[in-house]
Amino acid sequence: MKKTLSLILAVIFCLLSSITSFAYYSEAEGYSTEVEDYDYYQKFQGQGVEIDVYNWGEYVANDSVNFLDVNEDFEALTGIKVNYTLFSSNEELYTKLKSGGTNYDVIVPSDYMIGKMIGEGMLQKLNFDNIPNYRYIDEKYKNANFDPTNEYSVPMYWGVVGIIYNSAMVDEEDLTGWDILWNEKYADNMLMFSNSRDAFALALLDLGYSFNTTDAMEIEEAAGHLRAQKPLVQAYVMDEIYDKMEGGEAAVAPYYNGDAVLMMDVNEDLDFYVPENTSIFIDSMCIPTGAQHKEAAEMYINYMCESTVAAANSYYVGYSTPHTGAMELLDEELVENEIAYPEDELIASLDAFLTLPQDTSALTDKLWTDIMAQGSDSIIFQTVFLAAVAIIYFVIKLVNAHIKKKRMSYY
């Protein structure tokens, strides 16, 4: 889930041309977002309240010159200062909070990490009286398997995993499922996830198993499947996929639909295919147990659930919004784009990642480490060998130069 600063240009131009119906700047107040209850946001004005927000990179609109900076706007509206810092993975977020010493008021983990943190008592229940805009979250994104009672999280973005491919390099008849990622035809033209959870999920799905399995034999089989795939893989990537797919350096890769839309906007040869047996991901706003300003944090979450803000974030980031009010503000072409917003029937059939038991996670991590180390001995040998050849070559050149110089001294 790499979050890159990019706009869906055609949609953005449409948005900016009709900005008066979307953003609402007030010279007197200094904020530009239409909110449903202005008085609600005045409770902490002048009190010097600050909240610490920990989020993915480029996961909110932050261009105040050409678009909207939602954090800056929230500060102007509420008087609450936002200290905004970034993480690059769910595991980094978890480790930072688990190690202690740092308190955050709002975090945005993904599905399985939310379940893990709930199970370890790292999240506190939300007071939805302070988040009235929660009513705009579409019911199909509630009661998710990672928070079945809807007590700890408020969905912010969602999407599905599929296959982005270069239509000039891939035979579309090969798009019959995840098996294309094991097709020798695309050897050295294939990219793969560089994180273990996503990689194992695709191997398990291709083998016909659940990506939430705890069966050690199935996981071992998936590891073997990934080992068999490794010789075909050009590179294991996350954010690096943008340059490679947009630049035509690879033919096929698994990735998230929101990112695919942005990459397709850059390279017209790119397209996106979603196998029927895929997963849905939901990134949600939560409040850690160590939060110092819970009510102000809930105000921030409510603000992110303002229709105008949720729409601005979705446009800017490229991910799909679960917010029904925001959907009414999005360009019709985007809403009808089946890559950005797959059919409801597909969404209803999908599961999100669950938190795996500790022994299952440990097994997966060990197997993944082994897979990544596969072939490393030969690579080290080749590197040492080439270095030795280079050294010998330069030594010979130096000796020859010395001999030549000595011979010249006789003349």
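Atom set for the values below is all heavy atoms of this structure, side chains included, hydrogens, waters and symmetry mates excluded. Count residues from 1 along the sequence.
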How long is the straight-line distance from [atom2] of [Y] back to [atom1] of [X], given to the nearest 0.5 Å?
| X | Y | atom1 | atom2 | value |
| --- | --- | --- | --- | --- |
| D265 | N267 | CG | CG | 10.5 Å |
| T369 | K366 | OG1 | NZ | 8.5 Å |
| D370 | R227 | CG | CZ | 6.5 Å |
| Y38 | T78 | OH | OG1 | 10.5 Å |

Any donor-acceptor N/O pair, [X] side chain to [Y] backbone, under 3.5 Å:
| X | Y | value |
| --- | --- | --- |
| Q292 | G290 | yes |
| T324 | I137 | no |
| E220 | A216 | no |
| N313 | A61 | yes |
| N212 | A352 | yes |
| D105 | A291 | no |
| D111 | I282 | yes |
| H293 | A296 | no |
| S99 | T95 | yes |
| S314 | A310 | no |

Can you name the nearest heavy-atom pair linking [X] to [Y], along with the distance?
| X | Y | result |
| --- | --- | --- |
| E240 | M238 | OE1-N, 2.7 Å |
| L350 | L346 | CG-O, 3.1 Å |
| L202 | P254 | CD1-CB, 3.3 Å |
| K230 | Q374 | NZ-O, 2.8 Å |
| Y315 | L329 | OH-O, 3.7 Å |
| N189 | Q234 | CA-NE2, 4.0 Å |

Please tell me if the side chains of [X] and [Y] come closer than 4.5 Å, counting only heavy atoms from C-beta onward.
| X | Y | answer |
| --- | --- | --- |
| E58 | L86 | no |
| L367 | I219 | yes |
| N55 | I107 | no |
| L262 | V266 | no |
| I118 | I114 | yes |
| P132 | D37 | no |
| P109 | C286 | yes |
| V252 | L191 | no |

When you check the side-chain N and O atoms of [X] and [Y], is any donor under 3.5 Å from an acceptor?
| X | Y | result |
| --- | --- | --- |
| T308 | E34 | no |
| D147 | S153 | yes |
| N257 | Y341 | no |
| Y209 | E221 | yes |
| N83 | D52 | yes |

| message | Tell me whether the NZ or CZ atom of K142 lies within the 45° cone about the ring axis of Y134 and under 6.0 Å from its centre. | response |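 So K142 does make the cation-pi contact.
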
| message | Regarding E249 and K244, does a basic nitrogen lie under 4.0 Å from an acidic carboxylate oxygen? | response |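 Yes, this pair counts.
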
| Non-neighbouring partners of F200 that pass ring pair (Phe, Tyr, Trp, His ring centres under 6.0 Å), sequence neighbours left out | none

| request: For Y104, check ring pair (Phe, Tyr, Trp, His ring centres under 6.0 Å) against everything at least two apart and list the hits. | output: Y54

| request: Just grab all the salt bridge (Lys or Arg N to Asp or Glu O under 4.0 Å) pairs involving residues 289-303, residues at least two apart or on different chains. | output: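 Counting only pairs at least two positions apart or across chains, the salt bridge (Lys or Arg N to Asp or Glu O under 4.0 Å) contacts touching residues 289-303 are K43-E295, K294-E298.
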
N/O donor to acceptor pairs below 3.5 angstrom from side-chain atoms of residues 154-171, sequence neighbours left out:
{"residue": "Y157", "atom": "OH", "partner": "Y59", "partner atom": "O", "Å": "2.7"}
{"residue": "W158", "atom": "NE1", "partner": "Y141", "partner atom": "OH", "Å": "3.3"}
{"residue": "W158", "atom": "NE1", "partner": "T321", "partner atom": "O", "Å": "3.2"}
{"residue": "Y165", "atom": "OH", "partner": "E172", "partner atom": "OE2", "Å": "3.0"}
{"residue": "N166", "atom": "OD1", "partner": "A168", "partner atom": "N", "Å": "2.9"}
{"residue": "S167", "atom": "OG", "partner": "D269", "partner atom": "O", "Å": "2.8"}
{"residue": "D171", "atom": "OD2", "partner": "K185", "partner atom": "NZ", "Å": "3.0"}

| query | Given the side-chain rings of Y84 and Y300, with only the six-membered ring counted for Trp, is the space between their centroids under 6.0 Å? | reply |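 Judged by ring-centre distance (under 6.0 Å), Y84 and Y300 do not meet the cut-off.
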
| Between N133 and E306, does a side chain to side chain donor-acceptor pair (under 3.5 Å) hold up when you go through it step by step? | CA-CA 6 Å; N133 288 331; E306 293 287 349; 3.1 Å; yes

| Which is it for M263 and I241 under the side-chain contact (heavy atoms from CB on, under 4.5 Å) test, yes or no, and what are the steps along the way? | CA-CA 9 Å; M263 286 184 270; I241 192 174; 4.1 Å; yes

| field | Derivation and outcome, side-chain contact (heavy atoms from CB on, under 4.5 Å), residues I131 and N127 | value | CA-CA 7 Å; I131 313 175; N127 180 354; over 6 Å; no

| How are the rings of F74 and Y41 set to each other: parallel, tilted or perpendicular (split at 30° and 60°)? | perpendicular

| query | Taking only residues at least two apart or on different chains, which pairs with a member in residues 170-189 satisfy ring pair (Phe, Tyr, Trp, His ring centres under 6.0 Å)? | reply |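 Listed by first then second residue: W182-H225.
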
| said: Using the rule given for side chain to side chain donor-acceptor pair (under 3.5 Å), can you reason through S110 versus D283, listing the C-alpha separation, both sets of side-chain angles and the distance that settles it, and then say yes or no? | reply: CA-CA 4 Å; S110 302; D283 291 347; 2.6 Å; yes

| request: List the steps, then state whether ring pair (Phe, Tyr, Trp, His ring centres under 6.0 Å) holds for F211 with F353. | output: CA-CA 7 Å; F211 50 74; F353 284 177; 5.1 Å; yes

| Which pairs with one or both residues in residues 113-126 pass side chain to side chain donor-acceptor pair (under 3.5 Å), sequence neighbours excluded? | Y94-E120, K98-E120, K116-E120, K125-E151

| request: Just do the side chain to side chain donor-acceptor pair (under 3.5 Å) check on D73 and Y303 with the steps written out, would you? | output: CA-CA 10 Å; D73 196 70; Y303 170 81; 2.8 Å; yes

| said: Let's go through V60 and D69 carefully: what are the C-alpha distance in whole Å and the side-chain angles of both, what is the deciding distance for side-chain contact (heavy atoms from CB on, under 4.5 Å) to 0.1 Å, and is it a yes or a no? | reply: CA-CA 8 Å; V60 296; D69 186 323; over 6 Å; no

| query | Can you check side chain to side chain donor-acceptor pair (under 3.5 Å) on Y319 and D259, steps first, answer last? | reply | CA-CA 7 Å; Y319 279 97; D259 299 278; 2.4 Å; yes

| request: Please step through side-chain contact (heavy atoms from CB on, under 4.5 Å) for the pair M285 and C305, ending with a clear verdict. | output: CA-CA 10 Å; M285 295 173 282; C305 293; 4.1 Å; yes

